[in-house]
Novice: 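Structure below; questions to follow.
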Protein chains: 4
Amino acid sequence: MFIKIDFESDMPIYEQLRRQIIKGIAKGDLEKGEQLPSVRQLAEDIGINLHTVNKTYNILKEEGYLAIDRRKGAMVKDIMPMVDEEYINNLYSELEYIIANSYCRGISKEEFLKLCEDIYDRLENKQGGEKYD
Amino acid sequence: MFIKIDFESDMPIYEQLRRQIIKGIAKGDLEKGEQLPSVRQLAEDIGINLHTVNKTYNILKEEGYLAIDRRKGAMVKDIMPMVDEEYINNLYSELEYIIANSYCRGISKEEFLKLCEDIYDRLENKQGGEKYD
Amino acid sequence: MFIKIDFESDMPIYEQLRRQIIKGIAKGDLEKGEQLPSVRQLAEDIGINLHTVNKTYNILKEEGYLAIDRRKGAMVKDIMPMVDEEYINNLYSELEYIIANSYCRGISKEEFLKLCEDIYDRLENKQGGEKYD
Amino acid sequence: MFIKIDFESDMPIYEQLRRQIIKGIAKGDLEKGEQLPSVRQLAEDIGINLHTVNKTYNILKEEGYLAIDRRKGAMVKDIMPMVDEEYINNLYSELEYIIANSYCRGISKEEFLKLCEDIYDRLENKQGGEKYD
DNA sequence: GTGGTCTAGACCACA
DNA sequence: GTGGTCTAGACCACT
């Protein structure tokens, strides 16, 4: 599994896990329709509590990333969650803060955009292709 | 004061306050060398406890945004904090997550970059010019 | 626990506690990776408020002495904090004052160096050997 | 005047001033019997409150560094304060902490002693000779 | 049970 | 008046 948890981070474990799964989906490491490890399995692999994995799965289900089937466990949805107004507002507010912070510290618009572009490009090229790394 | 706290938010008040002050500095609402309200004053204005404001001020001091002068209280530093390796790593990791999330939801690279560019432009034009709002 | 607080001292409790923990680490009373008492536990043992202990733990975390693990609470880091320029400058300035003060009062260079050497030797011999006290 | 105050420091101004005067005496910048600027004068020069200078002078008088004459103001005593048990205890405890901190961070005994020796040498050579700098 | 957050009120040091 | 410290007690998030 590609999950790495930093137990000394300020960020809750369930949130670290959530973000890594989303990154995994974006990168194509987790393909649409793919089944995720069971709560028990993943918890053991990472060395965290089973409830923590469960919490993450449920949040991702709420967000529309996962479907949870009683028999087959969690799987990546075929259709990704949509962009609603709330998402845009949060994104805007978050970016506003990040950019303000970077701007104050002297990171130019060009540098920042280049960084974002690189990250996007890496995603687009990796899509469904992590086997060729 | 230009501070708005969302008491329903999951984000701690001191962190909301911290971010708004950073945004305020980036926008030029708070100018370099400018004195901030006293912890008591600001706490009263916002309707929160003075310790919460104090915590925010101290974090911003640690980060290099504020200086706490024994005579005049908190003020915006003349020199903004630098970009160090830790900052870049955090920024990268944060953006990686945000972009993964947006990418999954179908926001194109162009849309995302446009959004960032707009935010940057708004900052650059506002800098030192909040009088013309 | 080996902590002794002087409630009459001008030095804040959290700072006394911080120094004693650092001394404890240096002496080997607290080993790398060792778990510290919970804030509540230590606060009760010492007879101070848990927030005061919490403050000390957080400062030591910032300094790189402790890691706060979400599962196990505070523990001594495996890798000690580095010496950076800021540390050297503070050390120099502090020693400059201490030596000036001692020099004025007639403490000779030899006496002073001997004192430092003794303290160093005591640390080096105690390291990992507090069982033989 | 050779005084530099850092208004953003955590150390109280009166204590910064006190330490710099002691350093000044040790270096010979202030000679025994020499008259110090008046409280008013020094306060104005440094840009601090007159009470703050007054507090420093009084502490240094208590410590035995200064004599305060109603007519001539403060002057450096001909005889420096002695080393008493309290002084030694404080010195020891302070050094113990400083050395523990340095030791943890990997500063070797030799490095530390060299640093102290350098500071001592610089004092001894400067004694009464700052004019030849 | 752990630490994190927030509130509240007190007292003190500093300037 | 300023921030710094300490106490106290409550609630919450996380595991």
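Chain naming here is simple, since letters A, B, ... match the order of the sequence lines and numbering starts at 1 in each.
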Novice: Restricting to side-chain contact (heavy atoms from CB on, under 4.5 Å), what partner residues turn up for A/Val39, sequence neighbours left out?
Specialist: A/Leu50, A/Val53, A/Asn54, A/Tyr57
Novice: Just the rounded figure in Å: distance from P of E/dA15 to CD of D/Glu8.
Specialist: 14 Å
Novice: Return no unless some side-chain N or O of B/Asn58 is found under 4.0 Å from OP1 or OP2 of F/dG4.
Specialist: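 Yes, B/Asn58 has a side-chain N/O under 4.0 Å of OP1/OP2 on F/dG4.
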Novice: Taking only residues two or more places apart in sequence, or in another chain, which ones meet B/Glu34 in a salt bridge (charged side-chain N to carboxylate O under 4.0 Å, His left out)?
Specialist: none
Novice: Separation of B/Ile68 atom CD1 from E/dC14 atom P, in whole Å?
Specialist: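 Rounding to the nearest Å, CD1 of B/Ile68 and P of E/dC14 are 16 Å apart.
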Novice: Output all residues satisfying salt bridge (charged side-chain N to carboxylate O under 4.0 Å, His left out) with C/Arg18, sequence neighbours left out; order by chain, then residue number.
Specialist: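 Testing C/Arg18 for salt bridge (charged side-chain N to carboxylate O under 4.0 Å, His left out), a comparison that skips the adjacent residues, returns C/Glu15, C/Glu63.
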Novice: What is the distance, rounded to the nearest whole Å, between atom CD1 of C/Ile5 and atom P of F/dT5?
Specialist: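 C/Ile5 atom CD1 is separated from F/dT5 atom P by 14 Å.
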Novice: Can you give one letter per nucleotide of nucleotides 7-15 of chain F, 5' to 3': B if a protein heavy atom sits under 4.0 Å from the base, S if only from the sugar-phosphate, - if neither?
Specialist: BBB----SS
Novice: Whole angstroms only, please: what is the CD-P distance between B/Gln41 and F/dT2?
Specialist: 8 Å
Novice: What is the distance, rounded to the nearest whole Å, between atom NZ of B/Lys61 and atom P of F/dT2?
Specialist: 17 Å
Novice: At less than 4.0 Å, is any side-chain N or O atom of D/Asn54 found next to OP1 or OP2 of E/dA15? Yes or no.
Specialist: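 Answer no for this pair, as no side-chain N or O of D/Asn54 is under 4.0 Å from OP1 or OP2.
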Novice: Under a 3.5 Å cutoff on both atom distances, Watson-Crick or G-U, what's the dot-bracket for DNA chain E ([ ] crossing, | other strand)?
Specialist: ||||||||||||||.
Novice: Taking only residues two or more places apart in sequence or in another chain, which ones pass salt bridge (charged side-chain N to carboxylate O under 4.0 Å, His left out) with B/Lys23?
Specialist: A/Glu96
Novice: Run through C/Ile46, C/Thr52, C/Ile3, C/Asp6 and flag the one making a side-chain contact (heavy atoms from CB on, under 4.5 Å) with C/Gln16.
Specialist: C/Asp6
Novice: Which residue pairs pass the side chain to side chain donor-acceptor pair (under 3.5 Å) test with at least one member in residues 67-77 of chain C, sequence neighbours excluded?
Specialist: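 Found C/Asp69-C/Arg71.
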Novice: Distance check needed: F/dT2 P versus B/Leu36 CG, whole Å only.
Specialist: 13 Å
Novice: Restricting to side-chain hydrogen bond (donor to acceptor under 3.5 Å, both in side chains), what partner residues turn up for C/Lys61, sequence neighbours left out?
Specialist: A/Asp10
Novice: Can you tell me the distance, in whole Å, between the CG atom of D/Asp6 and the P atom of E/dA15?
Specialist: 12 Å
Novice: Could you tabulate the donor-acceptor pairs under 3.5 Å formed by side-chain atoms of residues 81-91 of chain C, not counting sequence neighbours?
Specialist:
{"unit_1": "C/Asp84", "atom_1": "OD1", "unit_2": "C/Tyr87", "atom_2": "N", "d": "2.9"}
{"unit_1": "C/Tyr87", "atom_1": "OH", "unit_2": "D/Ser102", "atom_2": "N", "d": "3.2"}
{"unit_1": "C/Tyr87", "atom_1": "OH", "unit_2": "D/Ser102", "atom_2": "OG", "d": "3.0"}

Novice: With distance as the sole test, does D/Thr56 use its side chain to make a donor-acceptor pair with the main-chain N or O of D/Tyr14 at under 3.5 Å?
Specialist: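 Between the backbone of D/Tyr14 and the side chain of D/Thr56 there is a qualifying donor-acceptor contact (under 3.5 Å).
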Novice: Atom CG of C/Leu42 to atom P of E/dT2: distance rounded to whole Å?
Specialist: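 One finds 12 Å between P of E/dT2 and CG of C/Leu42, rounded.
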